Amino acid sequence: MIVADDRAGLLKAREALGIGAGASSGGSALALVPTMGALHEGHRSLIRLARERAAHVAVSIFVNPLQFGPAEDYSRYPRTFDADLEVCAAEGVGVVFAPSVQDMYLPDRQVGVSAGEMGSVVEGEFRPGHLDGVLTVVLKLFNLVQPDVAVFGRKDAQQLAMIRRMVADLNLPVSIVGGPTVREPDGLALSSRNRYLSPDDRTAALALSRALEAGSGRRAPEEIRGAALAVLGAEPSLAVDYLVLVDPATFAEVGDDYAGEAILAVAARVGSTRLIDNVTVDVR
Ligand code: AMP
């Protein structure tokens, strides 16, 4: 496994592994799994998906300051680099790309990606600028690593939808693959932020997945929202940011006459930890 921290290191790694200029031109394909580190079983599942899609897998580990708001947890975000390298080695990763903030962003940086209207709804309403920051770093990672395929978790459903939009809107030559959300046996979606939860917080946090499960048992939009909100409302130590039922491609709220797949998404704070989760629901 090669660890690179800049473009020169990545180019050397590509050469050493015999990765060509894209699978379409005869080289062997490279799949990228972008992460912020503190790797858990959810990340591992994405790495395994990536291995099914390409001969070589690159994992990027970069806590991206651009996607954190001023009052968010950038400085206390968990950083477990040595353990992350062990996970990557055990999962057969060929290249780990771990740049410094200084290597990623010029001090006089001006240009970035705008997530547009779609970046200001749902998560974007509660985290202004977050999706701009995500798209900017993902585009930079694509340019640096030059993957043929990139794998993202459906746990961050709006992020995944926005990355698909960016690829379509900007004609990026990368196939996007979405991986299912990995959960604890009791339903809690795995997240690097779960390690902040006290035992009581963790119990309260279970209301997110229980609410989604309750909602996904219903078929009409109002019943879906109502069933999920009833579960959330019964957990007094949750502060709910949103519970929405949205179109998977646009993240616009679905109307009462909607039929088809929708995403039921929730965000809530437990103590000082903010958690998100979602499920796909069949609306009729
Ligand atoms: P992060 O390190 O939190 O930025 O996440 C890196 C990638 O892992 C993103 O594509 C996430 O959607 C994905 N991911 C995070 N948690 C999970 C999970 N529980 N199951 C599947 N994928 C996940």
Side-chain angles (χ1 to χ4, degrees), residues 31-53 57-69 72-74 76-81 83-85 87-88 91 93 96-99 101 104 122-123 127 130-142 145 147 149-167 174-197 202 205-206 208-209 212-213 248 251 263 265-267 273-280:
L32 171 65
V33 182
T35 81
M36 299 205 297
L39 301 183
H40 51 64
E41 200 55 43
H43 299 111
R44 280 180 185 258
S45 74
L46 300 184
I47 295 171
R48 288 178 204 139
L49 257 181
R51 290 189 63 189
E52 287 171 17
R53 299 299 178 115
V57 174
V59 170
S60 60
I61 298 177
F62 180 63
V63 185
N64 173 31
L66 240 58
Q67 71 187 70
F68 289 81
E72 293 182 3
D73 57 348
Y74 173 69
R76 69 169 192 137
Y77 195 84
R79 288 163 172 87
T80 61
F81 190 62
D84 293 346
L85 289 185
V87 168
C88 290
E91 294 293 345
V93 170
V96 172
F97 178 48
V101 174
M104 282 297 269
V122 191
E123 270 295 280
R127 302 185 72 187
H130 167 68
L131 287 156
D132 295 350
V134 168
L135 294 186
T136 299
V137 80
V138 168
L139 181 59
K140 285 167 71 74
L141 291 169
F142 285 0
V145 178
V149 177
V151 184
F152 296 88
R154 294 206 283 267
K155 158 86 169 26
D156 297 276
Q158 190 174 8
Q159 166 176 295
L160 173 59
M162 290 249 45
I163 288 164
R164 290 192 194 281
R165 266 283 16 126
M166 174 171 75
V167 164
V174 183
S175 316
I176 304 300
V177 173
T181 300
V182 177
R183 299 178 178 281
E184 300 279 9
D186 59 10
L188 183 68
L190 295 193
S191 162
S192 304
R193 290 186 170 99
N194 288 354
R195 68 190 71 202
Y196 303 146
L197 300 172
R202 199 188 170 290
L206 281 176
L208 272 75
S209 53
L212 298 177
E213 205 186 307
F251 266 69
I263 291 179
V266 62
T273 306
R274 187 173 181 278
L275 299 172
I276 61 171
D277 198 354
N278 71 89
V279 289
T280 301

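In listed order, ligands and their atoms are each counted from 1. Side-chain atoms are counted along with the backbone in the values below, which use heavy atoms only and exclude waters and symmetry mates. Computed from a prediction, not measured in an experiment: that's the story for all the values here.
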Subject >> For atom 22 (N) of ligand 1, closest protein heavy-atom neighbour >> reply: G153 CA, 3.7 Å

Original post:
Is the shortest heavy-atom distance from the side chain of S209 to the side chain of L212 under 4.5 Å?
Top reply: no

**OP:** Could you find the nearest protein heavy atom to atom 3 (O) of ligand 1 and give me its residue, atom name and distance?
**Re:** Y77 OH, 3.8 Å

Original post:
Based purely on interatomic distance, does A189 place a nitrogen or oxygen under 3.5 Å from a nitrogen or oxygen of ligand 1?
Top reply: no

**OP:** Below 4.0 angstrom from a heavy atom of T35, which ligand 1 atoms are there? Numbered from 1 as shown, please.
**Re:** 2 (O), 6 (C)

**OP:** Ignoring angles and geometry beyond distance, decide whether H43 reaches within less than 3.5 Å of ligand 1 through its nitrogen or oxygen atoms.
**Re:** yes

Original post:
Nearest protein heavy atom to atom 4 (O) of ligand 1, by residue and atom, and its distance?
Top reply: M36 CG, 3.5 Å

Original post:
So is P180 close enough to ligand 1, meaning a heavy atom under 4.0 angstrom away?
Top reply: yes

Subject >> Identity and distance of the protein heavy atom lying nearest atom 23 (C) of ligand 1 >> reply: K155 CB, 4.0 Å

Original post:
Taking the six-membered ring of Y196 as reference, does the NZ or CZ atom of R76 fall below 6.0 Å from its centre and within a 45° cone about the axis?
Top reply: yes

Subject >> Closest approach of any protein heavy atom to atom 20 (N) of ligand 1, naming residue and atom >> reply: V182 N, 2.8 Å

Original post:
Just wondering, do R202 and D186 contact through their side chains at under 4.5 Å, heavy atoms?
Top reply: yes

**OP:** Determine whether any heavy atom of H40 lies closer than 4.0 Å to an atom of ligand 1.
**Re:** yes

Original post:
Shortest non-hydrogen contact from A267 to E123?
Top reply: CB-OE2, 3.9 Å

**OP:** May I ask you to decide if I176's main-chain N or O and R164's side chain share a donor-acceptor pair within less than 3.5 Å?
**Re:** yes

Original post:
Which pair of heavy atoms, one from E72 and one from Q67, lies closest together, and at what distance?
Top reply: OE1-O, 3.9 Å

**OP:** Could you check atom 12 (O) of ligand 1 against the protein and tell me its nearest heavy-atom contact, residue, atom and distance included?
**Re:** D156 OD2, 2.6 Å

**OP:** Identify, for atom 6 (C) of ligand 1, the protein heavy atom at the shortest distance, and state residue, atom and that distance.
**Re:** P34 O, 3.3 Å

Original post:
Can you tell me the protein heavy atom closest to atom 13 (C) of ligand 1 and the distance?
Top reply: L46 CD1, 3.5 Å

Subject >> Atoms of ligand 1 close to F152 [distance to a heavy atom under 4.0 angstrom, numbered from 1] >> reply: 10 (O)

Subject >> Side-chain heavy-atom pair M166, L139 within 4.5 angstrom cut-off >> reply: yes

Original post:
Which of the atoms of ligand 1 are close to L190, meaning less than 4.0 Å from one of its heavy atoms?
Top reply: 16 (N), 17 (C), 18 (C), 19 (N)

**OP:** May I ask you to say whether R183 pairs ionically with D277, meaning some side-chain N is under 4.0 Å from a carboxylate O?
**Re:** yes

**OP:** Report yes if some heavy atom in the side chain of R48 is under 4.5 Å from a heavy atom in the side chain of E91; otherwise report no.
**Re:** yes

Original post:
Distance under 6.0 Å and angle within 45° of the ring axis: does R195 meet both against Y77?
Top reply: no

